[in-house]
Structure formats: structure tokens, C-alpha cells
Colleague: 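Pasting a structure here, questions to come.
Below, chains carry the letters A, B, ... as their sequence lines are ordered, and counting in each starts from 1.
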Number of protein chains: 2
Amino acid sequence: MLTERQLEIVLSVVYEYIETGEPSGSRTISKKYLRGCSPATVRNEMADLEEMGYLYQPHTSAGRIPTPKAYRLYVDSIMQRKRLPHPVFRDWLSEMRSQRQDLETVMSYTSHLLGRMTSYIGVAAIANLEEVILQRVDFLRLGGETVLMVMILDGGIIHSRTVNISADVHQDLLDDLARTINSIASGKVWGKTKDILYTFLLKELEKLFNACRDAIAQMDMILSSSNYRLFTGGASHILSLPDFQDIGKLKAILSILEEEQVLVDLVERCSLEDGVRVTIGDENNSTGMNNCSIVTVSKRARGQKAVLGLIGPMRMDYERSISLLETLLKGLYK
Amino acid sequence: MLTERQLEIVLSVVYEYIETGEPSGSRTISKKYLRGCSPATVRNEMADLEEMGYLYQPHTSAGRIPTPKAYRLYVDSIMQRKRLPHPVFRDWLSEMRSQRQDLETVMSYTSHLLGRMTSYIGVAAIANLEEVILQRVDFLRLGGETVLMVMILDGGIIHSRTVNISADVHQDLLDDLARTINSIASGKVWGKTKDILYTFLLKELEKLFNACRDAIAQMDMILSSSNYRLFTGGASHILSLPDFQDIGKLKAILSILEEEQVLVDLVERCSLEDGVRVTIGDENNSTGMNNCSIVTVSKRARGQKAVLGLIGPMRMDYERSISLLETLLKGLYK
DNA sequence: ATTAGCACTCTTTGATGTTGAGTGCCAACT
DNA sequence: AGTTGGCACTCAACATCAAAGAGTGCTAAT
């Protein structure tokens, strides 16, 4: 559909725009990327490319900037190339990992690191998959009919929630319950164990079971849904980017960052399968993110899904971002 | 030091500036607040007040705006007045509290609510005091010499941390350790129990103790230091304020929000004793917050210190902010 | 001590002209 | 047919300038 030369021009415009942030004219493209063609030739091609929806002219006497369609072309071409791992952080990360910090610390740090290194917004998320393994559960009577339930999953994810149960149960009974559940389900895949657990509890602990039905249902709810732990970092850095000088856009993005659920949905949609995924502009149909791109890498392992991502302007440096994300994710699992 | 009339003028300028955000001239003040005086009189007084450091003129032909010194005067005068509780949210809060959500959810929600209601940045923090009560501790072998330690404090605060111990200990031994610690220290004030615990463990569990010395030292560190849980919410709303249209200021504030430790220090300094505290402009000597004020209310109870706060522009609506904070804090403890 | 009057200052706003980058198109060239 | 040089045209960006308006400081009168 596109001639070789047209492709080259589109990619050059994208590359130039990512570098400089300025629209580029036919003269520049001709001089820097296509020595064989005169500016006039490039001009003609550019007019065609604009018609085809790859380039866009902010105003009559300006150069061309890429449309999302052009970015898509560019990103796809990058993805075919072989990528080198990002050199800097291998040592650093393996050290961090060897210190065996707890998961939350690592995730939080990683998101900040991502933000700081790129000036985009770093995202680090982790979710348990269907095969989640329960390590341990504890119930703690807070008073009245309220119980604090703390679940520790394989890999160190901690979920806590208060639940209301239908009777004022003594702490000793709760300890009994926890001990039973732990002995049956600890270290096992929840999905395969829970039915056994249910029937066992029904038989053995009838008196307890009624009161604690809610508690167990809540456990199941948390363990069975893909429950995300999500961290973002580096939001303050995007203010340095020329792309986000407009307060309006800024506000849209920051308010999304504050609504954790929206962000989780966004990240989830972007990481349906393992590997790199780039979502450009309004490909993520989320209001307020029209001018943003999202790059994610994700990986399933050990019953968890880990996602690292970057949210940046459409003209973000995709190549560097992808390589950085891949390196960090690999580092996390070394 | 200030005459009655001078005081009135200063307060009027502050009030007017909080309302409108515009410098106010002698004419306005005379017409709206001091019908008895002509603009010329007000002008003369204003010149004096500027010399005394209460007012400031952005440029020759502009009205006056308040200096931090004037805000201080204003806030002090407010604090003497009796304050009405903020009417709206009493029902709402008691309902939330009656649902017995876990602490983190409540704090996070509160900070967002504060932000949303005021368009400033809401802060909610909680710390354990010296008399912190340990409810329960669990140790979980993650592999190698790494152990995840989960502490649940009175009131539902959860602290987790991975610790390295000096030997590869079996999970059964860790369970033993936890059971022993729980039976001795659970439900008791940590400061009073820990010595008993130490000597007991030294005697009874010699073989374990060496390996777990680090773990217990870590417990002590977390429980003995005033360890803050801190939430902020509503940062995106401040972009609507005319005061923060300047990207530079914005960046300073957002980067402080991202550095949790800086923020904790800031909040801690502001809440040394119970009750309302207002810190205006550079009274908090923190770079980047020169143009901001911080209002906090804090309260000690049940071995915890709870702090609610608002970070806003110097011309924030102190009266409304204080009343809102007081109402919410009271609501949390109802 | 207070006030009216007035000249003065300084920002804000809008109009106007100039510059320069970049285009679109046409005619000439290969 | 594809490519190229030339040229008129467009439009944002910038600077300059004038007018308007808000508010002051000072002085002289009350």
C-alpha cells in the first residue's frame, strides 16, 4: 500500500518528531533522511501521505507531524527489529532482588525508577491469576461482629479486609478456623482446594461455619477475582515535558492516576497476553488519555501476572521505553 | 502595635484576597469594609502597613495582597472565634465508620474526600505511639533465609516486612516462634512486654533465638519508631485553582507528594500536639512549599496518633478548611 | 486627622506590521 | 511519468505601539 519511499518518509517524520517535538518540513526530511530526493519530491509525497491519514499539518505554513496511524506504523516496525537490553540497570536490579525486599517495596520502587528514568509515569502492577496459591490466612476479632482477615499469598502479596460476620465470635474460634483453613489450603492452589475446604468445614465445623460463611465467601472473592496491586511513580516528572504544559491535559491524566480502578482497567486491557504491548493515543478509548500512549510488558509466572508500564505522551521514545521495561521485568524474575 | 483600624484593614485585605484571588485597592476596601473612611485614608494606612510587613504590592499600580504575616494575624483571629462544625458530612461519616471498613480504606477515602471537597490536597495519616499494642505477628518462610513478617497492631494497622535471618529455618519453627510471641505479647503494650519477651525467648528458645534475633529486632524497630501510614488524595483538583497555574510550583508540590518520607516529616512537624495547627508559607521551611499552607488537626487516642490535613495555596479558605477537618476527625472517632 | 483632586505609574489589551518557515502549484527537465 | 527549481501565498510568532484602566502617592484644603 505504501511505497518504500513513503514508508521511509513516515518513519522519518515520526523519528524526528520524537526527537525534537517540532513539526518537520520537507526540507529537513530531504536533507537529513532522504538525500536522494529533493524537498519538492518529499513535499509531493507528504501531501499524499496526509491524504492517506499518516501525517497531519497543524496549520498551513507548518511542517508535518505524525498521526496515531503513523506512530502505529513506527512502533510495529520497531517491534520487528531485535532489541538490545537496556544496559544500565541489570546489576542494580539483581542486587535489589537479592536483598529480598518485600514485593510491595520492590513494585513501588520500580514504578518510581521507571518514572525517574524516562520522565513518563511509571506503572508497576501485580495480580493473582486463577491458580493463586494461598500461603496463610489469619482472622482477628476487631470487636462486635467485625473481623479483620489477612491473607498472605504465594510470592508475598498481602490482602487484608474487614468482614462482618453474623455473630460475635470469640477469638479462639477464629484461631480454630484459621488453623483448619491453613492446614487444608496453605501452599495449595486455591481454585482446586476451596471445594474440599467447603465440604470439610461444612462437616467438621458446623457451628462455626454458619457464622463464618461470609468470611470464607469474602476470601473466595478476593482470591478468585484478579485482584490487582498497583503502584505508580514519577508523575511529577511529566511536568518537565513540553507535551504536558497544558494544564487541561495534565488534569485529565492526574485524575486518572487517582482513580485506581480506572487505571487498573486500563492496565488490564493493555496486558491481555504476555509480552510487549503498545497502545497509542485513542486506541485506549479512555477519556483524557487521547494524547497519551501506554507501553506495557507483562508476564505470567508463579500464579501471578506482573505488569510494568509507562504512560507518556504520544511522541514518547518507544524504543527506549520498551527496552527499559523488558530489562526491568526480566530483572524482577531473575 | 496595630490600631483597631489597621487590624481591620489587614483582615479585610486577607478576606478579600481569599475570596477573589485579586489584589484589593483602597477603593474596594473603603466601600466594602470601612464605610466610615475614605479611600484616601485607607491608602495612607495601607502604605504604613506595607512598611510594617503586613501587605505587599505586586507592582506600583496594583492593589495590595497579604503577606504571610497578615495571614498569620488572620488565622490567629479565626482560631479565637468559636467554630461551627461543618454541617454536611456527619451522617455520611458515621455511616462509613459503622460499616467498619478497615483502617486503610477509611484513611484513603478520607484523604480523597478532603481533596475533592476543598480542591486542596487532602492528607490522612496515622501513626502508632509509644504505647502501641501488638495484636498478632506471623512469620512466613519465603525461601532461603528470608522471612516475611506480618504484624497486626491494635486498631487494624498492618505492617509487613521481609527480614533476613541468619539461618534457613523451617516453617514449623517459625510458627512456634510466632505462637510464643503472640501468647506473651498479643494484646499488650509492646514497650512494656518486649523485655519480658526477650528474656523469655532467651531462656526457652535458645536455639531459635539466635536465628531470629534479627527478626525480633526488626519487630522492635517498627513498633518502637513512630511509623506512619500516610495517604494523600485530590492532587488533581489543585490544578483547577488559579494559584497553581504555574507549572514550576506545581512540580515542586507534586514531587513532594511522591516522596513519602518528606511528607511524613512535614506532617509530623505540623502535628506535635493535639488540635488544629496552621503552617503558613515558609513557616514550614521546606523548599517548594513556600507558597503553600498546611492545616492539620491531630488527635491521640488508643495508642495511635491520627492526623488529617490539607495542603493548599497560602490564600486557602482557612475557616472552612479547619471546620471541615475538625468535623471529619471527630467523625472518625465517633 | 481626614479627604478630594490630580498627576503619575504600570499592567493589560488589542491593533498593526514584520519576519520566516513551509507549503502548493506550475513549468521545465530527465 | 517521475523529479526538480522557482515563486507566490499562508499563517504563526514576535515585536512595536497606543489606549484604557486600575490604583497609587502627594499636596493642599477642610
Colleague: If you apply the rule side chain to side chain contact (heavy atoms under 4.5 Å, CB included), what do you find for A/Val14 with A/Leu73, and how did you get there?
Modeller: CA-CA 9 Å; A/Val14 174; A/Leu73 207 61; over 6 Å; no
Colleague: Any luck finding a side-chain donor-acceptor pair between A/Lys32 and A/Ser12 under 3.5 Å?
Modeller: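 No - no donor-acceptor pair under 3.5 Å links their side chains.
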Colleague: Quick one, B/Asp243 and B/Asn291 - any side-chain contact, counting heavy atoms below 4.5 Å?
Modeller: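 B/Asp243 does not reach B/Asn291 side chain to side chain.
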Colleague: Can you check the B/Asp48 CG to D/dT24 P distance for me, whole Å?
Modeller: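 It is 14 Å, rounded to the nearest whole Å.
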Colleague: On a heavy-atom basis, which atom in A/Pro68 and which in A/Met314 lie closest, and how many Å separate them?
Modeller: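 Nearest pair, atom of A/Pro68 first, then A/Met314: CG-SD, 4.0 Å.
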Colleague: Rounded to whole Å, how long is the line connecting atom CD of B/Glu22 with atom C1' of D/dG21?
Modeller: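 Spelled out: CD on B/Glu22 to C1' on D/dG21 is 14 Å.
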Colleague: Nearest whole Å is fine: how far is C/dG24 C1' from A/Met46 CE?
Modeller: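 Going from CE in A/Met46 over to C1' in C/dG24 covers 13 Å.
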Colleague: Starting from the C-alpha separation in whole Å, work towards a yes-or-no answer on side chain to side chain contact (heavy atoms under 4.5 Å, CB included) for B/Ile280 and B/Tyr318.
Modeller: CA-CA 10 Å; B/Ile280 296 164; B/Tyr318 295 97; 4.0 Å; yes
Colleague: Let's see if you get this right: which residues in residues 51-67 of chain B place a heavy atom under 4.0 Å from DNA chain D?
Modeller: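 Within residues 51-67 of chain B, the residues near DNA chain D are B/Gln57, B/Thr60, B/Ser61, B/Ala62, B/Gly63, B/Arg64.
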Colleague: Taking N and O atoms by type only, does the side chain of B/Arg43 place a donor or acceptor under 3.5 Å from a partner on the base of C/dG5?
Modeller: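 Answer is yes: a donor-acceptor pair is held.
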Colleague: Between B/Asn44 and A/Asn44, name the one whose nearest nucleotide on DNA chain C is closer to the 5' end.
Modeller: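 The residue closer to the strand's 5' end, by nearest nucleotide, is B/Asn44.
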Colleague: May I have the distance from B/Ile29 (atom CD1) to D/dA22 (atom C1'), rounded to whole angstrom?
Modeller: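 Computing the B/Ile29:CD1 to D/dA22:C1' distance gives 14 Å.
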Colleague: Please check the phosphate of D/dT3 (OP1 and OP2 only) for any side-chain N or O of A/Arg5 closer than 4.0 Å.
Modeller: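 So the side-chain polar atoms of A/Arg5 do come within 4.0 Å of the phosphate oxygens OP1 or OP2 of D/dT3, strictly under.
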Colleague: Whole Å only: how far is the CD atom of A/Glu50 from the P atom of C/dT23?
Modeller: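 For the pair A/Glu50 CD and C/dT23 P, the rounded distance is 10 Å.
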Colleague: Counting side-chain heavy atoms from CB outward, which of D/dG5, C/dG24, C/dG5 is closest to A/Ala40?
Modeller: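 Out of D/dG5, C/dG24, C/dG5, the nucleotide with an atom closest to A/Ala40's side chain is D/dG5.
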Colleague: Taking atom P of D/dT4 as reference, at what distance in whole Å does atom CG of A/Leu34 sit?
Modeller: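 Going from CG in A/Leu34 over to P in D/dT4 covers 11 Å.
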Colleague: Tell me: CD1 of B/Ile9 to P of D/dT24, nearest whole Å?
Modeller: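 That distance rounds to 11 Å.
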Colleague: Is B/Thr41 close enough to C/dT2 that one of its side-chain N or O atoms is under 4.0 Å from OP1 or OP2 there?
Modeller: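 For C/dT2, OP1/OP2 do not have a side-chain N/O of B/Thr41 under 4.0 Å.
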Colleague: Quick one: pull up CD1 in B/Ile238 and NZ in A/Lys251 and give me the separation to the nearest 0.5 Å.
Modeller: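 Answer rounded to 0.5 Å: 10.5 Å.
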Colleague: Evaluate whether atom OH of A/Tyr15 has more than 12 neighbouring non-hydrogen atoms of other residues, nucleotides or ligands under 6.0 angstrom away.
Modeller: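 Open.
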Colleague: Check the distance between C/dA4's P and B/Arg27's CZ and give it to me in whole angstrom.
Modeller: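 It is 11 Å, rounded to the nearest whole Å.
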